[in-house]
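Only one structure is covered here, and it is reproduced in the block below.
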Amino acid sequence: MEKIYDVIITGAGPAGMTAAIYAKRAELETLLIEKNFMGGGQVLNTYEVDNYPGLPGINGFDLGEKFSEHVDKMGVERISEEVVSMELTGDVKKVVTDQGEYLSKTVILATGNSPRKLGVKGEEEFAGMGVSYCATCDGAFFKGKITAVSGGGDVAVEDAIFLARGCEKVYLIHRRNELRAAKSLQTALFNTPNIECVWDSVVTEIKGDGNVTGITVKNVKTGEEKEIPLSGMFVAVGNEPNSSYISDIKCDEKGYILAGEDCKTNVPGVFVAGDLRSKRLRQITTAVSDGANVITSVQDYLI
Ligand code: NAP
């Protein structure tokens, strides 16, 4: 007979891994599925995490590894496979991956989100040739060069500060004249001499000749366009939910799954935790919080 798990968790970011730890502590038959070789999710691409209690200034990669080690220490069964579809409406849920099928009484959706694209000419063509969505992964290739970051949130500002450590100059291009990033990050940004903010502006084209050589930037208030010669264009304009494999679940207008703090979706036995849940604040701490709360809801459902 095919094994039926108590809970299958899709996604091994902070929410999925916390849920796995709590599930094991609750002695639930648990399977954690993550498409990437390493667990950790977006944390792995963060240079420095300064708001996770008890670990000030920890490198994101190290924090992701610590979560992973904890999951392994608890003896959680985990596999590296990509979930392609699911059948969620019956009492026994079926999770289909690129390598097999798994059955479970409950499912926790914890696949988070991915970087949003700018959607401008040249972005796709020069992806990996100067266009990047991860400064901590690719920043080292641009030592001594000129780069730009598009965006005005925590990630864009963190990326600009990180890049400024090695680059000759960094432009921060933001569509408004006010950043939404945390005030402490803004202070650090404004105190970094080799960062220039380009306000009220958007990137309209990324140009190159094999590799990126420059961008066109348009001032959204005046309509004026200018060319900026550079080697690296970092895109940090927010995220989109990783939910393409999910159907039959109610989402908000941005595609994030609707659920309250109890993490219950509209389908019985199906739960959502972490950045994939429709919520106000997406942080490692709030993802971890969901990971804990969701197991209480799973236990209630199983009882
Ligand atoms: P975000 O907070 O959603 O910011 C996205 C930024 O990109 C905004 O400034 C937005 O402009 C801009 N933007 C969106 N679409 C755009 C477009 N098409 N063209 C140009 N600009 C565009 O996203 P994020 O910075 O990736 O952060 C994601 C989440 O992770 C946030 O909740 C953040 O707080 C969290 N985070 C936290 C930490 C930390 O606490 N240490 C670190 C990293 C990330 P507007 O401002 O005009 O909307």
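Counting starts at 1 for both ligands and their atoms, in listed order.
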Open item on the list: Is it the case that atom NZ in K264 sees more than 12 heavy atoms from other parts of the structure closer than 6.0 Å?
Closed with: no
Task: Modelled atom types, side-chain donor and acceptor of N194 and E168, under 3.5 Å - done: no
TODO: Go through ligand 1 atom by atom and flag the ones less than 4.0 Å from a non-hydrogen atom of H174.
DONE: 9 (O), 11 (O), 45 (P), 46 (O), 47 (O)
- [ ] Could you name the option among V237, V157, N239, N45 that has the heavy atom nearest to atom 22 (C) of ligand 1?
- [x] V237
Task: Passing candidate, side chain to side chain contact (heavy atoms under 4.5 Å, CB included) with T30, options I295, D6, I9 - done: I9
TODO: Looking only at non-hydrogen atoms, find the nearest pair between V43 and P14 and report the distance.
DONE: CG2-CG, 3.4 Å
- [ ] Indicate whether any N or O donor in one side chain lies under 3.5 Å from an N or O acceptor in the other, for T216 and E227.
- [x] yes
Open item on the list: I need the atoms of ligand 1 closer than 4.0 Å to a non-hydrogen atom of R116, numbered in the order shown.
Closed with: 14 (C), 15 (N)
Open item on the list: Below the 3.5 angstrom mark, is there an N/O of V202, backbone or side chain, next to an N/O of ligand 1?
Closed with: no
Open item on the list: As a test of understanding, state which of E77, K93, K105 forms a side chain to side chain contact (heavy atoms under 4.5 Å, CB included) with Y5.
Closed with: E77
Open item on the list: Show me which atoms of ligand 1 lie under 4.0 Å from any heavy atom of E158.
Closed with: 41 (N), 42 (C), 43 (C)
Open item on the list: Nearest non-hydrogen contact with atom 25 (O) of ligand 1 belongs to which option: L281, L179, V155?
Closed with: V155
TODO: Measure the distance from atom 30 (O) of ligand 1 to every protein heavy atom, then report the residue, atom name and distance (to 0.1 Å) of the closest one.
DONE: R282 O, 3.4 Å
Open item on the list: Students should be able to answer this: which protein heavy-atom is nearest to atom 37 (C) of ligand 1, and at what distance?
Closed with: Q283 NE2, 3.1 Å
Open item on the list: Does the plane of the ring in Y47 sit parallel, tilted or perpendicular to the ring in F162? Use 30° and 60° as the thresholds.
Closed with: tilted
Open item on the list: For the residue pair E225 / N219, report whether a side-chain donor-acceptor contact shorter than 3.5 Å exists.
Closed with: no
Open item on the list: For F67 and Y52, take the angle between the two ring planes, folded into 0 to 90°, and tell me which bin it lands in: parallel under 30, tilted 30 to 60, perpendicular over 60.
Closed with: perpendicular
Task: For atom 18 (N) of ligand 1, the option (of E178, R280, R175) bearing the nearest heavy atom - done: R175
- [ ] Report yes if S150 has an N/O atom closer than 3.5 Å to an N/O atom of ligand 1; otherwise report no.
- [x] no
Open item on the list: Once you restrict to heavy atoms under 4.0 Å, what part of N51 touches ligand 1? Side chain, backbone, both or neither.
Closed with: side chain
- [ ] Identify the protein heavy atom lying closest to atom 1 (P) of ligand 1, giving its residue, its atom name and the separation to 0.1 Å.
- [x] R180 CD, 4.1 Å
- [ ] Give the atoms of ligand 1, by number and element, whose distance to some non-hydrogen atom of R176 is under 4.0 Å.
- [x] 45 (P), 46 (O), 47 (O)
Task: Smallest separation among heavy atoms of L32 and A20, with atom names - done: CD2-CB, 4.2 Å
Open item on the list: I need the nearest protein heavy-atom contact for atom 3 (O) of ligand 1: residue, atom name and distance, please.
Closed with: G238 CA, 4.0 Å
Task: Protein contact of atom 9 (O) of ligand 1 - nearest heavy atom, named by residue and atom, plus distance - done: G152 N, 3.0 Å
TODO: Quick one: look up the protein heavy atom nearest atom 33 (C) of ligand 1 and list residue, atom name and how far away it is.
DONE: D154 OD2, 3.3 Å
